[in-house]
Amino acid sequence: MEKLINEIRKKNDEWGDSHRMEATGDISEQILMIDEKTYRPLSQQMRDYYTIVSTWENGLLGKTSYPPSQLKELYEQDDVREVINLIAENYRPVPPSDNSDWNRTAIFAKEQGGLGVTFYWWKNTNDDEPAIISISGGDVKIFADLLEYLKYLAYNEFSEAGDAIYSDLERERGTLSD
């Protein structure tokens, strides 16, 4: 995890992307879902990530990632709630388009002033590691877990596991045009 984050930092610096990373040491044990009622324990990958980086602004993410301790306040913001609702209405079959997703989905990162959001999403309530759903400018990418997402940012490696998850969602839920 640390090697991937350092590689992403290096890329940000090489490309001249403005970025700021903080590690506050404030590691929550659980994360609030977008339903604003359900908490899930942090996965091992999430704990590893938040140990190194609690807040990450801009850079390769093009978004700001938030520590779990700030999500309640984030979800209470009208613009954030509006973005979540717009995505839920317009991005079927991608979570959180189904009501059953809301207690298994949390924000990982959000574009400032835009519609881009990256979510953690537990496919099943008993999953250890959440998948990552990244939505930006109408582009949707799904990653099997946080490590896959960071590999994508660090090395531009995209695993087919995310495509398989999307295909499963299309079969189960249909698409926006259905």
Side-chain angles (χ1 to χ4, degrees), residues 1-2 4-5 8-9 18-137 140-150 153 165 169:
M1 177 83 56
E2 190 167 4
L4 290 170
I5 290 171
I8 296 166
R9 282 181 181 153
S18 162
H19 68 101
R20 182 178 68 85
M21 291 180 172
E22 285 182 17
T24 62
D26 175 23
I27 309 299
S28 301
E29 288 300 314
Q30 50 188 0
I31 188 168
L32 180 62
M33 301 296 108
I34 62 173
D35 70 355
E36 299 185 62
K37 297 180 273 189
T38 307
Y39 285 86
R40 293 190 55 90
L42 292 186
S43 71
Q44 185 61 53
Q45 290 179 13
M46 294 166 77
R47 281 193 299 278
D48 292 347
Y49 175 83
Y50 290 117
T51 298
I52 301 166
V53 179
S54 54
T55 303
W56 191 351
E57 292 180 3
N58 296 319
L60 290 175
L61 284 175
K63 301 170 185 163
T64 300
S65 70
Y66 297 91
S69 62
Q70 292 181 8
L71 291 182
K72 182 169 178 35
E73 291 145 26
L74 185 70
Y75 296 157
E76 291 171 353
Q77 296 174 15
D78 290 339
D79 65 320
V80 172
R81 184 56 49 200
E82 184 178 338
V83 167
I84 292 170
N85 288 331
L86 281 170
I87 289 170
E89 292 169 13
N90 297 298
Y91 280 84
R92 193 172 82 204
V94 178
S97 64
D98 189 275
N99 289 341
S100 69
D101 295 325
W102 286 56
N103 68 350
R104 295 178 286 119
T105 304
I107 287 182
F108 169 56
K110 183 188 173 307
E111 261 177 29
Q112 295 304 314
L115 295 177
V117 179
T118 302
F119 294 105
Y120 292 115
W121 175 60
W122 284 262
K123 297 181 291 294
N124 300 297
T125 54
N126 59 350
D127 285 345
D128 291 330
E129 295 293 339
I132 302 294
I133 312 286
S134 181
I135 301 169
S136 186
V140 176
K141 287 187 174 53
I142 300 177
F143 303 87
D145 58 28
L146 183 56
L147 277 177
E148 269 197 14
Y149 181 58
L150 295 176
L153 293 175
I165 293 169
L169 287 168

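Side chains included, hydrogens not; waters and symmetry mates left out as well; all remaining heavy atoms used.
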- Task: Rounded to the nearest 0.5 Å, what's the gap from CE on Met33 to CG on Asp101? Could you check?
- Result: 12.0 Å
- Message: Rounded to the nearest 0.5 Å, what separates atom CG in Leu146 from atom CZ in Arg47?
- Response: 12.5 Å
- Query: For Glu129, what residues pass the side chain to side chain contact (heavy atoms under 4.5 Å, CB included) criterion, not counting sequence neighbours?
  - Reply: Ser43, Gln44, Gln45, Asp145
- Query: Below 4.5 Å, heavy atoms only, C-beta onward: do Leu150 and Met1 meet side chain to side chain?
  - Reply: yes
- Min side-chain heavy-atom separation Met46-Phe108 under 4.5 Å: no
- Message: How long is the straight-line distance from OG1 of Thr64 back to CD of Glu111, given to the nearest 0.5 Å?
- Response: 9.5 Å
- Query: Which residues pass the side chain to side chain contact (heavy atoms under 4.5 Å, CB included) test with Gln30, sequence neighbours left out?
  - Reply: Tyr39
- Task: Identify the heavy atoms of Ala144 and Ile165 that sit nearest to each other, and give their distance.
- Result: CA-CD1, 3.9 Å
- Query: Given the side-chain rings of Tyr49 and Tyr149, with only the six-membered ring counted for Trp, is the space between their centroids under 6.0 Å?
  - Reply: no
- Message: Checking the side chain of Ser65 only, and the main-chain atoms of Trp56 only, is there a donor and an acceptor separated by less than 3.5 Å?
- Response: yes
- Message: Check whether Arg40 reaches the backbone of Asn103 with its side chain - one donor and one acceptor, N or O, closer than 3.5 Å.
- Response: no
- Message: Determine whether Ser136 and Lys63 satisfy the following criterion, side-chain hydrogen bond (donor to acceptor under 3.5 Å, both in side chains), listing intermediate values before the conclusion.
- Response: CA-CA 9 Å; Ser136 186; Lys63 301 170 185 163; 4.9 Å; no
- Note on the structure: Closest heavy-atom pair, Phe143 versus Ser134, reported as atoms and distance to 0.1 Å, is CE1-CB, 4.3 Å
- Please assess Ile133 against Thr105 for the test side-chain contact (heavy atoms from CB on, under 4.5 Å), listing each intermediate value before the final yes or no. CA-CA 10 Å; Ile133 312 286; Thr105 304; over 6 Å; no
- Task: Hey, could you give me the CG/CD distance between Leu74 and Glu36, rounded to the nearest 0.5 Å?
- Result: 9.5 Å
- Does the distance from a Lys or Arg side-chain N to an Asp or Glu carboxylate O, for Asp78 and Arg81, drop under 4.0 Å? no
- Query: Under 4.5 Å between any side-chain heavy atoms of Val117 and Ile84, yes or no?
  - Reply: no
- Message: On a heavy-atom basis, which atom in Trp102 and which in Pro96 lie closest, and how many Å separate them?
- Response: NE1-O, 2.9 Å
- Task: Nearest 0.5 Å please: distance from the OH atom of Tyr75 over to the OH atom of Tyr66.
- Result: 11.5 Å
- To the nearest 0.5 Å, how far apart are CG in Asp79 and CG in Leu86? 11.0 Å
- Message: Quick check: do Ile132 and Thr118 have side-chain heavy atoms less than 4.5 Å from each other?
- Response: yes
- Would a distance-only check, ignoring hydrogens and angles, find a side-chain to backbone donor-acceptor pair under 3.5 Å from Asn124 to Asn126? no
- State, to 0.1 Å, how close Ala106 and Leu32 come at their nearest heavy-atom pair, and which atoms those are. CB-O, 3.5 Å
- Task: Measure across Pro130 and Tyr120 and return the closest heavy-atom pair with its distance rounded to 0.1 Å.
- Result: CG-CD2, 3.7 Å
